[in-house]
Peer 1: 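Here it is, the structure in full.
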Amino acid sequence: GRNYSGISIGFRPTAFAGTPVRMQKVNYVDVDLEAQWFRSVAEGILREIGMNELFKNAAHWVAAAVNAIAAVTTVKHASWAYEQEVRLIYVQKKEKPSSSLAAVPVGRKPSGEPTYWRQPSERSVGERAIEYLAFPFGRPRGDTISSVQALSSIIIGPNCFMAISEVEEELRLNGF
């Protein structure tokens with residue numbers, strides 16, 4: 001980022017095995033094919049949840065909404081295809097749901113355990129507040145998740161202000 005002044009961190013896919021996110025490859029589409037592509041995604045979602053189940057089970061509505069949001073958030077123009085990007089997607093409303101909806105899960109951990117709405121954390125970038133959700137990641141080891149060996153590669157941009165030793169220290173401080 002920022003004209004090659006940052007670092008790029010590559011994670012092993014197994015690092016996200018215990019994280020309640022959807023891991024999805026980005027779909028690179030040509031502008032002329034976007035409408036056709038979105039139609040095929042919508043048809044796939046309808047087939048997946050089954051039209052006859054729509055009014056019987058809230059889980060089908062949740063699945064449809066998550067699939068639709070994941071489809072929209074993983075589309076980029078074909079000119080970016082060289083990136084071969086993978087995105088981690090976690091869907092929850094920004095505002096806390098009402099008490100009647102608080103019992104509805106927003107996702108599931110790989111174990112099948114449901115996850116519920118969480119209050120986002122906040123960090124400052126300049127004068128702007130950015131909300132985010134932090135997730136543990138790494139390989140499940142019993143009741144804990146270890147981030148040891150979670151990284152597959154680190155690329156330091158040619159205009160990065162940090163020395164290799166500073167990058168190593170930041171990684172060590174963050175458990176890598």
Side-chain angles (χ1 to χ4, degrees), residues 1-48 62-94 106-110 115 118 120-126 128-140 145-176:
R2 284 198 193 145
N3 198 24
Y4 305 99
S5 66
I7 62 173
S8 174
I9 301 174
F11 293 92
R12 287 185 170 79
T14 55
F16 301 100
T19 304
V21 297
R22 179 184 184 124
M23 189 180 308
Q24 190 166 324
K25 286 184 175 181
V26 167
N27 294 292
Y28 299 96
V29 297
D30 189 300
V31 176
D32 297 334
L33 299 176
E34 284 181 12
Q36 180 183 357
W37 183 83
F38 275 113
R39 180 180 175 158
S40 70
V41 168
E43 288 171 350
I45 291 168
L46 291 174
R47 274 193 307 278
E48 181 180 326
V62 172
V66 169
N67 289 339
I69 292 167
V72 170
T73 60
T74 57
V75 176
K76 286 178 91 169
H77 189 271
S79 63
W80 292 96
Y82 68 91
E83 290 184 328
Q84 299 180 5
E85 185 178 344
V86 174
R87 292 190 178 168
L88 303 175
I89 301 165
Y90 183 81
V91 178
Q92 88 168 18
K93 287 179 65 170
K94 193 171 187 168
V106 295
R108 297 207 177 278
K109 294 180 180 177
T115 57
R118 295 188 305 150
S121 297
E122 197 172 277
R123 64 183 172 91
S124 297
V125 176
R128 210 169 121 213
I130 307 289
E131 290 184 334
Y132 67 94
L133 293 173
F135 295 101
F137 65 92
R139 294 182 179 170
I145 295 179
S146 171
S147 58
V148 173
Q149 296 183 335
L151 303 183
S152 64
S153 62
I154 300 157
I155 299 170
I156 301 174
N159 299 330
C160 184
F161 66 90
M162 295 174 75
I164 292 173
S165 61
E166 292 174 303
V167 172
E168 288 173 342
E169 180 64 10
E170 278 294 318
L171 293 170
R172 189 187 64 71
L173 289 172
N174 284 286
F176 298 104

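Note that this is a predicted model, so its numbers are computed, not measured.
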Peer 1: Run I156 and M162 through side chain to side chain contact (heavy atoms under 4.5 Å, CB included) and show every step you take.
Peer 2: CA-CA 8 Å; I156 301 174; M162 295 174 75; 5.9 Å; no
Peer 1: CD of E170 to CD1 of I154: how many Å apart, nearest 0.5 Å?
Peer 2: 11.5 Å
Peer 1: Both conditions, 6.0 Å and 45 degrees, for the charged tip of R118 above the ring of F135: are they met here?
Peer 2: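 The answer is yes; both the distance and angle limits are met.
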Peer 1: Out of curiosity, Y90 OH to R22 CZ, how far, rounded to the nearest 0.5 Å?
Peer 2: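 One finds 14.5 Å between OH of Y90 and CZ of R22.
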Peer 1: Decide yes or no for P120 and Y132: does some side-chain heavy atom of the first lie under 4.5 Å from some side-chain heavy atom of the second?
Peer 2: no
Peer 1: Is it true that atom CD1 of I164 has more than 12 heavy atoms of other residues, nucleotides or ligands lying nearer than 6.0 Å?
Peer 2: no
Peer 1: To the nearest 0.5 Å, what is the distance between OG1 on T74 and CD on Q24?
Peer 2: 4.0 Å
Peer 1: Find the distance between OH (Y82) and OH (Y28) and round it off to the nearest 0.5 Å.
Peer 2: 9.0 Å
Peer 1: Any carboxylate oxygen within less than 4.0 angstrom of a Lys/Arg side-chain nitrogen, looking at E85 and K76?
Peer 2: yes
Peer 1: Backbone N or O of V75 within a donor-acceptor pair of the N27 side chain at under 3.5 Å?
Peer 2: no
Peer 1: Given 3.5 Å as the limit, does a donor-acceptor pair link the side chain of R12 with the main chain of L151, or not?
Peer 2: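 Answer holds: yes.
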Peer 1: Could you measure the distance from the SG atom of C160 to the CD atom of E166? Nearest 0.5 Å is fine.
Peer 2: 8.5 Å
Peer 1: So with a 6.0 Å cut-off around CD of E122, is the heavy-atom count from everything else above 12?
Peer 2: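 Count over threshold, so yes.
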Peer 1: Show the numbers, then the answer: is there a side chain to side chain contact (heavy atoms under 4.5 Å, CB included) between I155 and I7?
Peer 2: CA-CA 6 Å; I155 299 170; I7 62 173; over 6 Å; no
Peer 1: Rounded to the nearest 0.5 Å, how far does CD1 of I89 lie from OG1 of T73?
Peer 2: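 That separation rounds to 3.5 Å.
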